[in-house]
Number of protein chains: 2
Amino acid sequence: MFMDRNQPDLGAAEWSLPARCAACGVRMASLCGGISAGALEALNRIGRKRVLRRGEALIWQGDIAEQVGILHHGLVKLSASLEDGREQMLGLAFPADFVGAIGDRPSSHCVTALTETELCVFPRSALPGLVEAYPEIGQALLTRAYDELDQLRKWMLLLGRKSAEERVASLLLQFAARGTCSPGAPVALPLTRQQMAELLGLTIETVSRKLTAMKRDGVIALPDLRSFVILDAPALAVLAAETP
Amino acid sequence: MFMDRNQPDLGAAEWSLPARCAACGVRMASLCGGISAGALEALNRIGRKRVLRRGEALIWQGDIAEQVGILHHGLVKLSASLEDGREQMLGLAFPADFVGAIGDRPSSHCVTALTETELCVFPRSALPGLVEAYPEIGQALLTRAYDELDQLRKWMLLLGRKSAEERVASLLLQFAARGTCSPGAPVALPLTRQQMAELLGLTIETVSRKLTAMKRDGVIALPDLRSFVILDAPALAVLAAETP
DNA sequence: CGGTAGGTTGACTAGGATCAACTTTGGTGG
DNA sequence: CCACCAAAGTTGATCCTAGTCAACCTACCG
């Protein structure tokens, strides 16, 4: 019965929510939040919970992904490597983000957990059929894909044209934008210096030096290794070459 | 009447092809090639031909795009800039490629013609409705979006981790891959040195020097400014750090 | 207490940017 | 057809940013 596909009244459909989805903390923020009860049920049927330990990979570069997933807790990195070991982080996935692709080509990148991570995984092979049956899922994926394209393009500008100092400042601003909105409050820094370097296309030494310089200049404070405080937001925006 | 949505028999539908689409040289390669006759007719109704002169923009960074398009002839660049004028090319669009996005947020990048360009444009505001009415269009866009994500990720690895020489060699290989398949034949180089530099995150001088060096080492020949010949393909692959 | 992973700092180096001069190419009009 | 000019490209000298290598520091853990 596909009746509910024709009346995707999400509010009224709450009663039929699969228990697991009703308890899901990221549902409304994830692509599950914008689809009909029928589509959600179909996803729920084929989805299962999976936990990744720190360092464990969901998808390997060069392999055809067997699973795609929606992040619940934790932090995941996308990264690509050259044969000689050089590695570039391509982005992070936070809770509610979708990771993976629909096509059956070898993946261009790895997906690896940076912390203990919990996600809802689906067999990739089931996706094309689902998108066919529930176009809303395709639309949700499309919106997210365009968002991701925009993010990547912004990052390409950073990698191609920004100086080391601008890169570090940009990263700090990005963490601040996604974290607490209260100015002056410490912002969590979920990456090690090494991981920041991988993400910014720099070395760990350069990241460390630039952070120290910003601290010395009173732009930021570094209360501990995993957080920072913005002391002079306008100055940080200037350092990041972001003053729109 | 949406009858044809339920019987997207593309072969048998040829008879009803809009004249313009029947004459379109890139139709089958573009997203129009994978959709039903009904969807194609709907697209044809709202599409119109547009010509961009060299340097003319279809979409400006920061503006909300009014048009999206499918390229027929010519070459188009996507690029992003910082306030101080530094510019990074984000990619090229070739005939049959789709440019633009569905969302109504300000564009993260410019879309500018590098040569006299002809495309089929559609009002962006009509897209969400079209995707809703013809899910196949959404699926075609989704496939293309994932392809583009993969391309961008590959380019991020180049920008973040490859040396100048590796970048130039990678670009040459990419042009060779999309051009003639006959080894030893000259490959068209559709970009000026300046444009190559913008795309590679380098300066024009560095591009010139690396090309000269490869020529000196007998890896390539440069018969004129707008083409090159691969003399030693394996060596070029090594220089590009691409030996899969 | 020692060991280890993560982080910082310093000295030195090298790759690519910058600045400047010069050459080549291609188009235009006399 | 050639002279001229602007745009594109090349080459050289020099500078500077970020990479490399190495030592050391710090926090945390068994």
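Residue numbering restarts at 1 for every chain, and letters A, B, ... go by the order of the sequence lines. All values below come from the heavy atoms of this structure, side chains included, with hydrogens, waters and symmetry mates left out. These numbers were taken from a predicted model, which means no experiment stands behind them.
- For dT17(D), its base never sits under 3.5 Å from the side chain of Arg167(A) at any donor and acceptor pair.
- Inter-axis angle, ends of the helix from dC1(C)-dG30(D) to dG30(C)-dC1(D), five pairs per end, rounded to 10 degrees: 30°.
- A donor-acceptor contact under 3.5 angstrom links the side-chain atoms of Arg209(A) to the base of dG10(C).
- In this model, no side-chain donor or acceptor of Arg216(B) finds a partner on the base of dT10(D) within 3.5 Å.
- Between dT8(C), dT20(D), dT18(C), one nucleotide has an atom nearer to the side chain of Thr212(A) than all others, and that is dT8(C).
- Relative to the side chain of Glu205(A), the nucleotides dG16(C), dA18(D), dC21(D) differ in distance, and dC21(D) lies closest.
- Within a 6.0 Å sphere centred on CZ of Arg20(A), other residues, nucleotides and ligands contribute more than 12 heavy atoms.
- Nearest-nucleotide positions on DNA chain D for Ser208(B) and Arg161(B) put Ser208(B) closer to the 5' end.
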Inset, instruction - Give the C-alpha distance, both sets of side-chain angles, the deciding distance and a yes or no for side chain to side chain contact (heavy atoms under 4.5 Å, CB included) between Trp155(B) and Leu199(B). - result: CA-CA 9 Å; Trp155(B) 215 251; Leu199(B) 186 52; 3.7 Å; yes

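- Taking side-chain N and O atoms only, Thr203(B) has no distance below 4.0 Å to OP1 or OP2 of dG16(C).
- Considering only the side chain of Thr206(A), dG19(D) comes nearest among dG16(C), dG19(D), dT8(C).
- Note on Lys210(A): only backbone sugar-phosphate atoms sit closer than 4.0 angstrom, heavy atoms only; bases stay farther off.
- Residue Arg226(A) has a polar side-chain atom (N or O) positioned under 4.0 Å from OP1 or OP2 of dG7(C).
- Here the nucleotide nearest the side chain of Ala164(B), chosen from dG7(C), dG16(C), dA18(D), is dG16(C).
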